[in-house]
There are 2 protein chains.
Amino acid sequence: MSEEPKPRRRQARGERRIAQLLQAAANVFCAYGYTATSTNAIAREASVSPGTLYQYFPNKEAIAIELGERLLTEMREAHGQAFTPANLALPLPEMLDVVVDPMIAFNCENPVFLALMHGSEVPGRIAEEHDALHANLLNSVRDVIAHFAPELSPEERARIADMTFAIFKGGLGLVLAAPEGAEREATIAELKTVLLRYLSPLVTVPH
Amino acid sequence: MSEEPKPRRRQARGERRIAQLLQAAANVFCAYGYTATSTNAIAREASVSPGTLYQYFPNKEAIAIELGERLLTEMREAHGQAFTPANLALPLPEMLDVVVDPMIAFNCENPVFLALMHGSEVPGRIAEEHDALHANLLNSVRDVIAHFAPELSPEERARIADMTFAIFKGGLGLVLAAPEGAEREATIAELKTVLLRYLSPLVTVPH
DNA sequence: AGAAAACGCGAGTGATCACTCGTGTTTGCC
DNA sequence: GGCAAACACGAGTGATCACTCGCGTTTTCT
């Protein structure tokens with residue numbers, strides 16, 4: 001039961017290669033999907049030989065795992081910053097702004113996140129972690145809804161949270177498809193309008 | 001320029017095999033996705049040898065094409081029945097019922113449709129046909145919105161139609177994920193609530 | 001400087017997959 | 001019944017892909 005069976009000494013060059021390989025993997029995963037992407041294609045995108053790739057990752061799945069874990073960590077940070085008690089106390093329209101904007105921004109900067117998390121073709125490990133994150137996000141949304149409409153039954157709250165999240169995911173796809181600039185901003189505004197119109201009739205607590 | 005280069009005489013048994021193979025393909029595509037599905041797996045699911053499969057389809061892509069075309073034809077029928085002038089003249093809540101219900105029903109009966117049309121891993125031919133269908137559906141939605149809110153600018157209408165469709169797709173995923181029965185019905189009702197609350201403030205024409 | 005270890009390479013290897021082919025069986029037609 | 005065509009089979013084939021290995025280069029440590 002040794003704690004560190006492989007205390008591999010890694011040089012700065014190695015860390016750079018890993019980042020470079022993960023960036024290349026993100027690009028090709030984004031373009032062709034996980035299954036259709038070959039490890040040689042990742043190496044080529046990174047301008048590196050296949051052998052070099054396998055110096056840093058034991059197999060193809062590990063690349064997606066590492067990429068997924070880094071993205072999930074970032075996502076959890078964005079999630080934590082978005083769903084703070086202070087933000088939750090805001091009136092509904094402002095609350096939507098401070099919760100939706102960071103989530104949108106994260107996905108705009110990391111389009112591979114959706115690509116990896118969405119497909120059912122991803123390795124099991126990521127799917128599990130994604131499910132956990134998904135459950136966490138849903139719980140946060142449930143809490144928000146409970147805060148604005150405490151008299152709803154848990155079943156109703158759960159259903160509304162599911163629907164709210166589904167709307168967000170659908171709108172997110174539109175936002176990512178829109179060209180950056182005014183059109184994207186308009187799409188984001190429209191998404192917030194949808195959420196506001198859906199949720200505001202539920203509010204029974206004055207702010 | 002002969003019109004029928006291969007007037008293959010097909011027996012009833014052959015037609016049955018084709019249907020059987022397409023059904024099997026639908027099952028495995030649905031479970032594992034197009035890319036991860038092997039032709040041998042399709043043949044096995046259909047209790048048939050690989051050679052038999054290739055008697056009816058020239059290659060793997062052709063299976064997805066044929067399946068996709070049959071589904072698209074059915075979908076177009078459902079679409080045509082849903083967006084009739086008579087239905088369009090209904091008040092908004094009833095209009096939502098008669099348009100949303102057939103679309104939901106089709107996707108519940110053919111879950112492989114979403115699986116094939118959604119992934120970017122599908123062969124190009126289906127993606128093209130799907131884009132065409134998508135554009136048609138969007139146009140129909142735009143017409144509906146123009147009917148209820150004629151004073152909106154075309155850009156606004158387009159954006160609202162895009163968002164409406166995105167909401168529907170997101171909600172559709174939830175509906176398919178819900179177990180059949182009361183829970184699914186409740187999810188469908190919730191989806192209609194979303195659409196109603198989003199669209200009703202736009203209505204400026206009395207019915 | 002010199003040794004050890006990390007880095008880097010790319011042809012090679014075994015497995016898997018889409019697809020074929022030679023052969024045997026069933027069906028439709030006279 | 002008998003013939004031709006459609007149907008059915010499954011081991012085999014070439015290509016592709018994930019992954020390896022032997023060897024040369026660069027970095028780090030003393």
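In what follows, chains carry the letters A, B, and so on, assigned in the order in which the sequence lines appear, proteins first and then strands, with residues in each chain numbered from 1.
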In this structure, how many angstroms lie between the P atom of C:dA6 and the CD1 atom of A:I18, rounded? 13 Å
Nearest-nucleotide pick for B:T39, side chain only, options being C:dC19, D:dA18, C:dG8: C:dC19
For residues B:F106 and B:F113, establish whether the separation of their ring centroids is below 6.0 Å. yes
Measuring centre to centre across the rings, with the benzene-like ring taken for any Trp, is A:H118 within less than 6.0 Å of B:H118? yes
Would you say A:Y56 reaches C:dG8's phosphate, i.e. side-chain N/O to OP1/OP2 under 4.0 Å? yes
Would you indicate whether the side-chain heavy atoms of B:K169 and B:H134 approach each other to under 4.5 Å? yes
Between P on C:dT16 and CD1 on B:I42, what's the gap in Å once rounded to a whole number? 19 Å
Can you tell me if the side-chain N/O atoms of A:T52 get under 4.0 Å from OP1 or OP2 in C:dC7? no
B:R44 CZ to D:dC9 C1', in whole Å, measures 16 Å
Closest to side chain of A:R13, choosing from C:dC19, C:dG8, C:dT27: C:dG8
Hey, does B:T37 reach any base, or is it just sugar-phosphate, or nothing, if we go heavy atoms under 4.0 Å? sugar-phosphate
Is it true that B:R76 and B:E69 have a side-chain N and a carboxylate O under 4.0 angstrom from each other? no
Between A:F29 and A:Y34, what is the ring plane arrangement, given parallel below 30°, perpendicular above 60°, and tilted in between? tilted
Please tell me which of the listed nucleotides, C:dC19, C:dG28, D:dC9, lies nearest to the side chain of B:V48? D:dC9
Rounded to the nearest angstrom, tell me the gap between atom CG in A:L53 and atom P in D:dC17. 15 Å
Examine D:dT20: is either OP1 or OP2 under 4.0 Å from a nitrogen or oxygen in the side chain of A:Y54? Give yes or no. no
Per atom distances to the A:N40 side chain, the nearest of D:dC19, C:dG28, D:dG10 is D:dC19
Using whole Å, report how far CZ of A:R17 lies from P of D:dT27. 11 Å
Any idea which of D:dA18, C:dC7, D:dG10 is nearest the A:K60 side chain? D:dA18
Would you mind classifying the nucleic acid contact of A:F57 as base, sugar-phosphate or nothing, using non-hydrogen atoms under 4.0 angstrom? nothing
Ranking C:dC9, D:dA11, D:dC19 by distance to the side chain of B:P50, first place goes to D:dA11
Taken to the nearest whole Å, CG/B:L21 to P/D:dC7 is 12 Å
To the nearest angstrom, the CD-C1' distance between B:Q11 and D:dA6 comes to 5 Å
Take the protein atom OH of A:Y32 and the nucleotide atom P of D:dT16, then report the distance between them rounded to whole Å. 16 Å
Within the 4.0 Å heavy-atom criterion, would you say B:G14 contacts the bases, only the backbone, or no part of the nucleic acid? sugar-phosphate
A:S38 side chain, from C-beta outward: closest of D:dC17, D:dA8, C:dC17: D:dC17
Report the residue (A:G51 or A:Q55) whose heavy-atom-nearest nucleotide on DNA chain C is the more 5′ of the two. A:Q55
Are OP1 or OP2 of D:dA6 and a side-chain N or O of B:R10 less than 4.0 angstrom apart? no
Taking the side chain as every heavy atom from C-beta outward, state whether B:D162 and B:V141 have any pair of such atoms under 4.5 Å apart. no
